[in-house]
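Structure first, commentary second.
Note: hydrogens, waters and symmetry copies are ignored here, and every other heavy atom, side chains too, is used. For reference, positions follow the sequence shown, starting with 1.
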Amino acid sequence: MIAAGVPTGVGDPLAGLVAVPESKTVLAVRLGQLESVVPHHGIPCYADVEEAAAVLAKLSERTHWLEAGEGGRPDLSGIDLATATRLVGEYLSAHPGGGWLSRKDSEDLLACFGIRLTRRRFGDRELLIRGQVDDVFGPVVVVGLGIDGALLDDRSTGLGPLSTTDAEALVDSLYASKALFGGSNALDRAALAELLLRTDRIMELVPEVVDVDLDPVLVSREGATAGAVRILVRQRPWTDHHLRRL
């Protein structure tokens with residue numbers, strides 16, 4: 001809430017404004033005040049209404065963020081890390097310089113993390129997911145519309161490792177999110193978020209994987225999976241790439 005007033009010869013309308021309970025967020029505006037912001041009985045008092053409104057909006061945004069929490073990192077079923085590690089190790093033994101895995105090896109590695117390719121069905125919506133290891137920021141995960149996304153620049157990006165809340169926020173950050181995941185014909189938002197988590201988990205558990213390109217990602221009302229995949233691997237020093245190099 002914002003309480004505003006203009007001092008006159010009769011008095012100051014804000015003089016009677018006193019501290020309120022912590023459960024209430026109140027800002028004051030005294031038009032004509034020389035200072036940008038001053039305390040008034042424990043309440044921030046601004047000289048400009050727009051500045052006070054902007055601060056209130058930020059406080060509201062932070063409240064929602066705190067209520068959402070960081071979210072947990074779920075135990076994802078169907079992960080065969082031993083097979084995934086062996087597959088990548090065999091490739092790098094034969095190709096020390098790294099490279100793109102074959103189609104079969106890419107599909108096998110994806111299956112080790114519970115993702116199996118399917119063909120497009122009527123009603124599927126094409127999106128894309130890409131996970132890449134950045135030299136500075138570490139694992140980065142991108143989700144967006146397919147061909148339409150390239151034209152509309154409808155993509156959202158997050159830094160790994162992703163929590164459940166992070167993955168859901170990436171999906172919700174798409175401009176087309178309400179159209180895709182709202183209404184009576186809503187696509188499976190939870191399945192897409194889980195696909196993001198599984199893509200992120202590949203790069204976390206197999207650090208030699210530096211690029212996972214799922215394009216297209218096929219999302220329907222009943223689930224989400226990949227239609228095609230490319231995976232790039234290379235020898236990496238054994239370091240924790242979640243420690244950002246700033």
Side-chain angles (χ1 to χ4, degrees), residues 1-74 130-145 149 152-183 186 189-190 192-193 196-197 200 204 239-246:
M1 182 180 74
I2 297 178
V6 181
T8 66
V10 178
D12 184 354
L14 298 181
L17 186 63
V18 296
V20 295
E22 292 184 0
S23 58
K24 300 289 185 180
T25 301
V26 178
L27 304 180
V29 175
R30 181 184 286 112
L31 300 178
Q33 175 179 292
L34 296 180
E35 299 87 348
S36 175
V37 57
V38 296
H40 177 83
H41 297 297
I43 299 172
C45 185
Y46 293 83
D48 183 77
V49 175
E50 291 186 2
E51 184 178 358
V55 170
L56 190 61
K58 287 293 184 182
L59 290 173
S60 176
E61 180 181 329
R62 177 169 173 77
T63 298
H64 290 306
W65 178 77
L66 290 173
E67 289 175 349
E70 294 183 359
R73 303 198 64 230
R130 189 160 194 179
Q132 292 180 298
V133 177
D134 184 87
D135 290 337
V136 175
F137 297 105
V140 178
V141 184
V142 177
V143 61
L145 301 186
L152 302 175
D153 194 25
D154 195 359
R155 309 266 172 100
S156 56
T157 304
L159 297 177
L162 298 179
S163 67
T164 301
T165 300
D166 293 331
E168 292 172 348
L170 285 178
V171 174
D172 294 340
S173 296
L174 295 172
Y175 295 126
S177 179
K178 290 184 179 180
L180 294 174
F181 306 105
R189 171 178 173 271
L192 180 60
L196 281 166
L197 290 170
D200 173 67
E204 176 186 357
T239 57
D240 184 355
H241 50 224
H242 295 305
L243 296 177
R244 315 298 180 201
R245 294 200 298 270
L246 300 178

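Residue Ala47 comes nearest to Glu35 through the heavy atom pair CB-O, 3.3 Å, listed as atom of the first residue, atom of the second, then distance. Closest heavy-atom contact between Val37 and Pro44: CG2-CB, 4.3 Å. Listed here is the closest heavy atom pair of Val140 and Asp134: CG2-CB, 4.1 Å. Nearest heavy-atom pair, Gly158 versus Leu170, reported as atom, atom and distance to 0.1 Å: N-CD2, 3.5 Å.
Looking at Asp154, its side chain never comes within 3.5 Å of a backbone N or O of Leu145 through a donor-acceptor pair. In this structure, the side chain of Ser173 engages the main chain of Ala169 through a donor-acceptor pair within 3.5 Å.
Every pair passing salt bridge (charged side-chain N to carboxylate O under 4.0 Å, His left out) that includes a residue from residues 171-181 is listed here, sequence neighbours excluded: Asp172-Arg189.
Put simply, the side chain of Leu197 reaches to within 4.5 Å of the side chain of Pro74, judged on heavy atoms. Looking at heavy atoms from C-beta onward, Val141 lies out of side-chain contact with Thr157 at the 4.5 angstrom threshold.
Glu168 pairs by the side-chain hydrogen bond (donor to acceptor under 3.5 Å, both in side chains) definition with nothing, not counting sequence neighbours.
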- Please test Asp166 against Leu159 for side chain to side chain contact (heavy atoms under 4.5 Å, CB included), starting from the C-alpha separation and ending with a verdict. CA-CA 9 Å; Asp166 293 331; Leu159 297 177; over 6 Å; no

